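A short worksheet on the structure shown next.
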Number of protein chains: 2
Amino acid sequence: MKFEAVTIKDIAKALGLSTSTVSRALRDSYEISPETKKLVLEYAEKINYRPNPIALSLKEKRSRSIGIIVCEIANSFFSQIINGIESIAYDKGYNVIIAQSHESYDRELINVQYLASRSIDGLLVSVSSETKDLEHLQSLHARGLPIVFFDRIVEDIDTHKVTVDNFKGAAEATAHLAATGHKHIAALANSEYLSITRERLAGYKEGLAQHGLPYDESLVKYCPHGGLIYEEVEQAMDELLSQKKKPDAIFATADKLTTNCLRYFKARNIRVPEDIALLGFSNIDLTELLSPSLSVVRQPAFEIGQVATNLLVDLIESKRPVKDFETQVLQPHLFIRESSLKKTKKK
Amino acid sequence: MKFEAVTIKDIAKALGLSTSTVSRALRDSYEISPETKKLVLEYAEKINYRPNPIALSLKEKRSRSIGIIVCEIANSFFSQIINGIESIAYDKGYNVIIAQSHESYDRELINVQYLASRSIDGLLVSVSSETKDLEHLQSLHARGLPIVFFDRIVEDIDTHKVTVDNFKGAAEATAHLAATGHKHIAALANSEYLSITRERLAGYKEGLAQHGLPYDESLVKYCPHGGLIYEEVEQAMDELLSQKKKPDAIFATADKLTTNCLRYFKARNIRVPEDIALLGFSNIDLTELLSPSLSVVRQPAFEIGQVATNLLVDLIESKRPVKDFETQVLQPHLFIRESSLKKTKKK
DNA sequence: CTGAAAGCGCTAACAT
DNA sequence: ATGTTAGCGCTTTCAG
């Protein structure tokens with residue numbers, strides 16, 4: 001079943017005009033007489049005429065839609081970003097098509113190609129935790145598709161990027177753990193391929209250094225799927241807790257790592273923060289309701305989405321090729337709650 | 001900046017063929033000789049030809065995209081549903097365009113009209129908590145746009161619908177609270193306009209009746225925005241707790257109501273379940289990690305999305321107008337955790 | 001001020 | 001087996 005829309009032709013026929021006159025009248029062209037305009041406008045209104053965006057797209061060679069690639073939308077951080085993206089996109093007359101990689105390089109590849117073939121005008125990308133090879137994005141970028149990276153950005157493609165000061169966020173978090181008396185702070189990290197992982201681990205080192213704590217590689221564990229799979233967190237934690245130098249605090253570099261780490265402690269009846277402290281990046285809204293309430297580094301997700309979208313639309317609508325690209329860095333915020341409470345206070 | 005795609009014309013020119021021959025070769029038509037096909041296919045592959053979906057849409061008068069209206073994507077229940085929708089949509093070659101009402105009728109209206117004007121092939125709708133007037137959907141439906149309602153369905157439009165057995169879920173939940181010794185079970189409900197609210201409150205009554213508890217209207221409070229705004233939950237709870245007959249248990253009918261109710265108790269230092277029990281509809285993944293862990297009625301969100309999408313695609317692709325519509329009812333599941341523990345046990 | 005015609009990329013009669 | 005043409009809805013020269 002199809003639902004037939006009114007076209008310009010219908011209006012032309014009904015009014016005894018040509019389609020071009022109707023088209024011009026609708027766009028308020030100076031060449032059309034006021035009377036004709038009025039006639040056309042009123043009739044169009046009456047029969048509820050809406051221009052066919054597909055025909056427009058074909059003509060203008062643009063679809064007024066932008067693609068988004070994220071790992072998961074059922075993740076507060078990304079759904080907040082998407083809210084930010086939509087708020088700007090709708091304002092500017094674009095709609096968004098969302099695709100999820102589920103942290104799989106293969107799915108990212110398929111999605112990117114799918115979106116590109118759907119003739120999107122631009123792409124907002126946060127790469128999957130498996131992504132090393134950037135050829136799929138590089139070739140599109142080289143062919144002129146505007147791309148803006150956010151959160152998980154990549155070095156090898158020169159375009160606009162939006163991220164937070166991961167180094168600072170991680171350094172503050174780690175420094176806080178150190179300042180509250182923790183001596184063996186482990187890092188539960190995302191995939192090593194990701195920019196955010198490198199930056200956050202660098203911040204972690206800095207935080208340790210600030211308090212004169214040594215950096216110990218055995219205290220750093222990577223989760224290739226960013227904690228999306230509980231088992232990988234479980235394994236990483238099992239390893240951490242079974243070594244001779246047992247950590248007394250965990251710094252987790254991503255949302256799912258943080259919550260799954262807490263899940264792990266619950267399952268093992270390990271008390272937080274009495275037995276071990278926990279602090280991680282997270283944008284969930286329920287941190288205060290958790291037991292214990294979670295200390296987190298929170299990112300301005302909505303703003304990330306807004307900024308990235310503004311940059312992308314600028315690229316799309318720029319008359320001439322853009323050469324000057326910028327990387328916008330927003331500020332994360334540290335929220336101290338129970339899970340990282342002072343060691344000395346509790347006992 | 002624009003990124004120019006390869007067209008059928010380019011191939012035709014390069015190979016000295018006509019566009020129709022190329023078109024037919026690409027679609028593996030029987031009228032084309034194997035050699036020509038091979039030639040075309042290989043060349044198309046080589047220059048990475050992708051058909052322009054916009055041109056196809058214009059020709060076929062279909063966009064292969066479906067619109068989704070939900071209140072919020074940053075809500076586990078809906079993001080899980082969207083995952084289900086996408087899983088089927090992508091399989092069937094459709095992409096999805098998501099719009100959020102944020103529980104506002106006005107935004108729903110704008111979004112519906114926007115989506116309709118973007119020539120979507122069909123619409124998946126869960127109405128906003130403010131929606132009473134259905135004219136915007138009715139007129140589209142009357143004009144032949146396939147629509148499937150999910151979760152928050154409406155009576156007055158005859159089409160496919162997908163929901164869960166809200167009556168049963170609510171009855172079981174309430175009966176559980178009654179069975180564990182609670183005598184004054186209050187209902188913290190969503191907007192009264194919603195089908196799910198009516199069904200869940202009917203189930204609530206049934207649960208009370210099963211245990212010989214009276215239905216008391218003063219124990220039922222509505223939140224017009226479904227708990228999206230904390231203050232409305234706060235006010236409803238303030239009212240409930242200030243009346244002479246103070247509830248000893250809360251049954252909440254929606255995700256945000258449940259978590260915001262818990263937030264309220266935390267803020268007031270009211271112990272759950274010792275001072276008051278809590279049980280509500282919720283699809284968040286962190287219920288076990290909350291303090292106390294939350295007893296919930298969980299809905300098969302992913303499946304709801306899948307079923308709804310299958311039904312919608314059936315409608316879209318049906319050759320003749322569909323008259324026989326169905327309402328699929330899936331089963332919710334009750335998970336008992338700490339927040340609704342037996343009154344007599346704790347003290 | 002208005003109309004006729006071409007063209008965006010593609011498909012499908014209708015030739016040949 | 002392949003080419004020609006028209007048309008999807010719209011805009012935009014180019015002619016009056």
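Numbered from 1 within each chain, the chains take letters A, B, ... in sequence-line order. All of these numbers come straight from a predicted model, not from anything done at the bench.
D28(A) has its CG atom 17 Å from the C1' atom of dT12(D), to the nearest Å. L15(A) places its CG atom 11 Å from the P atom of dT2(C), with the value rounded to the nearest Å. Distance I11(B) CD1 to dC10(C) C1': 12 Å, rounded to the nearest Å. With rounding to whole Å, R64(A) atom CZ is found 15 Å from dC10(D) atom C1'. The interatomic distance linking L26(A) (CG) with dG9(D) (C1') rounds to 12 Å, in whole Å. Regarding I8(B), its CD1 atom lies at a distance of 12 Å from the C1' atom of dA12(C), rounded to whole Å. One atom, CD of E31(A), and another, C1' of dC14(D), lie 11 Å apart when rounded to the nearest Å. Across the protein-nucleic acid pair, K9(A) atom NZ and dA5(C) atom C1' stand 14 Å apart, rounded to whole Å.
Within residues 35-59 of chain A, the residues that place at least one heavy atom under 4.0 Å from DNA chain C are, in residue-number order, T36(A), L58(A), K59(A).
Close placement of the H136(B) and Y105(B) rings is indicated, their centers lying within 6.0 Å of each other.
Among residues two or more places apart in sequence or in another chain, the ring-ring contact (aromatic ring centres under 6.0 Å, His included) test is passed with Y193(A) by none. With sequence neighbours excluded, no residue satisfies ring-ring contact (aromatic ring centres under 6.0 Å, His included) with Y43(B). E31(B) is linked by a salt bridge (Lys or Arg N to Asp or Glu O under 4.0 Å) to R24(B), counting only residues two or more places apart in sequence or in another chain.
At dG3(D), one or more side-chain N or O atoms of T21(B) fall inside 4.0 Å of OP1 or OP2 (strictly under the cut-off). Contact check, S18(B) against dT4(D): no side-chain N or O comes under 4.0 Å of OP1 or OP2.
Among the candidates V40(A), I8(A), D10(A), the single residue satisfying the side-chain contact (heavy atoms from CB on, under 4.5 Å) test with Y49(A) is I8(A).
Within the 4.0 angstrom heavy-atom criterion, base atoms lie near R24(B). Within the nucleic acid shown, S33(A) comes within 4.0 Å of sugar-phosphate atoms alone, with no base atom in reach, counting heavy atoms only.
Position along DNA chain D of the nearest nucleotide to T7(A) versus V22(B) favours V22(B) as the more 5'-ward residue. Of the two residues near DNA chain C, L17(A) and S20(B), the one whose nearest nucleotide lies more 5' is L17(A).
One finds a salt bridge joining E103(A) and R152(A) here, because a Lys/Arg side-chain nitrogen approaches an Asp/Glu carboxylate oxygen to under 4.0 Å.
Remark: the backbone N or O of I66(B) is not paired with any side-chain donor or acceptor of D121(B) at under 3.5 angstrom. Side-chain atoms of T309(B) come within 3.5 Å of backbone N or O of G305(B) as a donor-acceptor pair.
When the C1' atoms of four end pairs are superposed on the next four at each end of the helix from dC1(C)-dG16(D) to dT16(C)-dA1(D), using five pairs per end, the two resulting axes differ in direction by 60°, to 10°.
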Please tabulate, one pair per line, all N/O donor-acceptor pairs under 3.5 Å involving side-chain atoms of residues 85-93 of chain A, not counting sequence neighbours.
residue: E86(A); atom: OE1; partner: Q100(B); partner atom: NE2; Å: 3.0
residue: S87(A); atom: OG; partner: G84(A); partner atom: O; Å: 2.8
residue: S87(A); atom: OG; partner: Q306(A); partner atom: NE2; Å: 3.4
residue: Y90(A); atom: OH; partner: I98(B); partner atom: O; Å: 3.3
residue: K92(A); atom: NZ; partner: N310(A); partner atom: OD1; Å: 3.2

